[in-house]
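A short write-up of the structure that comes next.
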Amino acid sequence: MPDPIHSFFNTDLIIVGGGAAGLAAGITAGETGLRVCILERRHRAGLKILLCGNNRCNVTHDADLGGMLEAYGEPVAEFLQPSLDAFPPARLRSWFAAGGLRTAVHRDGRVFPQSEKADDVVHFFTDRLRELAVPLVLNCPVEAIRAITDGFEAETANLTLRSRFLLLATGGVSYPKTGSVGDGQRFAKALGHRVAPYRAGLAGVEFRQEWTQRVGETSLPATEVRILSAGRHVATTYGEILLTRSGARGPAMVNASRIIARETLRDVSFDVDLHPGLDEKALVARMPNRGGSPAAAIVKMGLLPDGVARDFLKNALRGEGSDAAGIARALKHWRLELKSIRPLKEAMVTVGGVVLEDIDPASMESRKRPGLYFAGEVMDVDGPTGGYNLHAAFSTARLAVASIARRLGKELPPIASPRPERHPRGNRPRGSGGSRTPRSGGARRTGRRRRT
Ligand SMILES: Cc1cc2nc3c(=O)[nH]c(=O)nc-3n(C[C@H](O)[C@H](O)[C@H](O)COP(=O)(O)OP(=O)(O)OC[C@H]3O[C@@H](n4cnc5c(N)ncnc54)[C@H](O)[C@@H]3O)c2cc1C
């Protein structure tokens with residue numbers, strides 16, 4: 001008589017991790033008719049998805065293959081090319097629509113569920129898993145993985161499962177409360193893979209100019225940030241800088257943090273252009289040439305928000321002088337020095353993970369352990385803000401399942417036509433889709449919010 005708790009369960013595929021990659025893989029496997037089971041550590045699947053995009057979930061970016069590859073940059077782009085090619089943003093959106101989740105493209109290319117609710121994305125996954133009768137076991141942390149003859153064994157406190165193929169989709173190591181604590185990297189290492197050291201990607205930064213943390217939460221909406229290492233220009237990021245008491249965030253700064261981590265840059269400073277749309281001459285022309293305080297004038301012209309202008313003029317004017325030309329130069333070349341990057345647990349993604357050379361990009365199969373596959377952030381894969389990280393998780397998951405299916409003599413079914421939109425819990429879309437009203441162009445103080 002087998003022990004009723006420690007019984008064995010045989011299946012084609014065990015997926016370890018019920019986050020973005022694991023859930024997408026589970027559905028794809030279910031749609032293909034594989035015998036599959038997802039094991040999830042936490043009491044709820046997709047906890048990190050719920051946090052995405054300020055709880056609105058920026059699921060992908062409306063870009064073609066070239067645009068996607070350029071955004072990831074090397075070495076990630078080369079590795080992701082086969083998965084992006086097979087499952088570009090347009091196909092992901094069709095797949096969502098086939099399951100009843102409609103998405104909308106914002107003016108800047110970011111794609112969100114039409115309802116703008118991350119909850120609906122998680123419901124899409126769990127509803128589809130239920131329809132396909134794919135088992136999703138919650139509160140089930142995998143404690144060890146063993147390679148056995150003809151497959152793998154995943155051990156949990158109460159169950160030992162066996163399967164021919166195993167997919168590690170356990171995520172990175174940021175926001176550990178969502179369940180991603182580095183288990184997958186530990187399992188991969190024990191099975192002979194190399195793991196690149198972890199660094200915080202897409203995190204806030206602190207400047208040596210500490211006054212920037214005392215001005216209150218302030219949005220500088222359209223900046224150009226030249227990243228310098230030992231005075232040498234390395235890369236440029238664009239978009240909002242959000243000054244907060246705990247450092248600067250916003251796409252321009254968090255994307256800079258990822259580049260600093262990826263390229264292990266030292267002695268970093270930033271040359272910030274607060275008005276990339278206007279050259280110095282045009283800025284000077286806008287400034288009143290006599291009377292009034294310069295701070296009041298630049299606030300009135302919308303060049304800097306109230307509260308920041310005075311401190312900026314006190315601290316950011318170096319040798320330029322406080323005449324119109326000097327102020328214009330300072331607005332175009334605000335020099336800030338990096339003090340530190342916020343800790344990894346606060347980062348949106350982990351730079352580092354299972355090294356890409358140990359994985360075949362054409363199949364997501366391990367080069368060290370045949371039959372073992374990877375998807376999502378457990379690998380040394382990351383992208384900028386804008387939907388690229390979720391897209392990497394979804395597309396690598398799909399490629400892994402397609403490769404496993406082929407080994408079992410099966411093909412993924414074609415993506416079905418869109419099904420009528422579901423508003424499962426009475427959710428109504430906030431708009432009719434398409435782009436949202438653009439934000440005003442001027443610099444402004446903000447209320448409390450968290451924006452990537
Ligand atoms: C605040 C925040 C906002 C973000 N916003 C966006 C956004 O808008 N757009 C975007 O593209 N990206 C965004 N990201 C990044 C994105 O969420 C991740 O890149 C993505 O979730 C990675 O997917 P994954 O499946 O690899 O890992 P995860 O989603 O982290 O899932 C891993 C899962 O594995 C489970 N697990 C771990 N160990 C075990 C184990 N031993 N046994 C069983 N299960 C285990 C975990 O509990 C977890 O559920 C954001 C991240 C954060 C933190």
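Sequential numbering from 1 along the given sequence is applied to the chain's residues. Below, all heavy atoms of this structure are taken into account, side chains as well, without hydrogens, waters or symmetry copies. Indexing begins at 1, ligand by ligand and atom by atom, following the structure's order. Everything numeric in this text was worked out from a predicted model, so none of it was measured.
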Can an N or O of [X] be found at a distance shorter than 3.5 Å from an N or O of ligand 1?
{"X": "Val378", "answer": "no"}
{"X": "Gly46", "answer": "no"}
{"X": "Glu40", "answer": "yes"}
{"X": "His391", "answer": "no"}
{"X": "Ala21", "answer": "yes"}

Quiz item: Does even one non-hydrogen atom of Leu39 get within less than 4.0 Å of ligand 1?
Solution: yes
List ligand 1 atoms under 4.0 Å from [X], heavy atoms only on the residue side.
{"X": "Pro141", "answer": "42 (N)"}
{"X": "Ala20", "answer": "23 (O), 25 (O), 29 (O)"}
{"X": "Arg42", "answer": "47 (O)"}
{"X": "Val16", "answer": "42 (N), 43 (C)"}
{"X": "Thr178", "answer": "46 (C), 47 (O), 48 (C), 49 (O)"}
{"X": "Arg41", "answer": "36 (N), 37 (C), 38 (N), 39 (C), 40 (C), 43 (C), 44 (N), 45 (C), 47 (O)"}
{"X": "Leu390", "answer": "9 (N), 10 (C), 11 (O), 12 (N), 20 (C), 21 (O)"}
{"X": "Glu377", "answer": "18 (C), 19 (O), 20 (C), 22 (C), 26 (O)"}

Quiz item: Taking all non-hydrogen atoms of both residues, which atom of Phe152 and which atom of Arg164 are closest, and how far apart?
Solution: CD1-O, 3.9 Å
Quiz item: How far apart are the closest heavy atoms of Leu101 and Pro113, and which atoms are they?
Solution: CD1-CB, 4.2 Å
Quiz item: Within a radius of less than 6.0 Å around CD of Glu70, do more than 12 heavy atoms belonging to other residues, nucleotides or ligands occur?
Solution: no
So do the side chains of [X] and [Y] get within less than 4.5 Å of each other, counting heavy atoms only?
{"X": "Pro370", "Y": "Glu365", "result": "yes"}
{"X": "Arg91", "Y": "Phe394", "result": "no"}
{"X": "Cys140", "Y": "Thr156", "result": "yes"}

Exercise. Under 4.0 Å, heavy atoms only, figure out whether ligand 1 is touched by the backbone of Ala169, its side chain, both or neither.
Key: backbone
Practice problem: Heavy-atom distances under 4.0 Å are what count here, so tell me which part of Asp183 touches ligand 1: side chain, backbone, both or neither. | Solution: side chain
Out of [options], who is nearest to [atom] when you count heavy atoms only?
{"atom": "atom 28 (P) of ligand 1", "options": "Gly386, Gly18, Gly19", "value": "Gly19"}
{"atom": "atom 37 (C) of ligand 1", "options": "Ala393, Cys140, Gly179", "value": "Gly179"}
{"atom": "atom 51 (C) of ligand 1", "options": "Met348, Lys177, Arg56", "value": "Met348"}

Strictly below 4.0 Å, N to O, side chains only: are [X] and [Y] in salt-bridge contact?
{"X": "Arg42", "Y": "Asp183", "answer": "no"}
{"X": "Glu217", "Y": "Arg245", "answer": "no"}
{"X": "Arg262", "Y": "Asp380", "answer": "yes"}

Quiz item: Side-chain donor-acceptor pair under 3.5 Å between Trp334 and Gln209, yes or no?
Solution: no
Exercise. Ignoring hydrogens and angles, state whether a donor on the side chain of Glu240 or Ser219 is under 3.5 Å from an acceptor on the partner side chain.
Key: yes
Quiz item: Once the angle between the rings of Tyr373 and Phe165 is folded into 0 to 90°, is it parallel (under 30°), tilted (30 to 60°) or perpendicular (over 60°)?
Solution: perpendicular
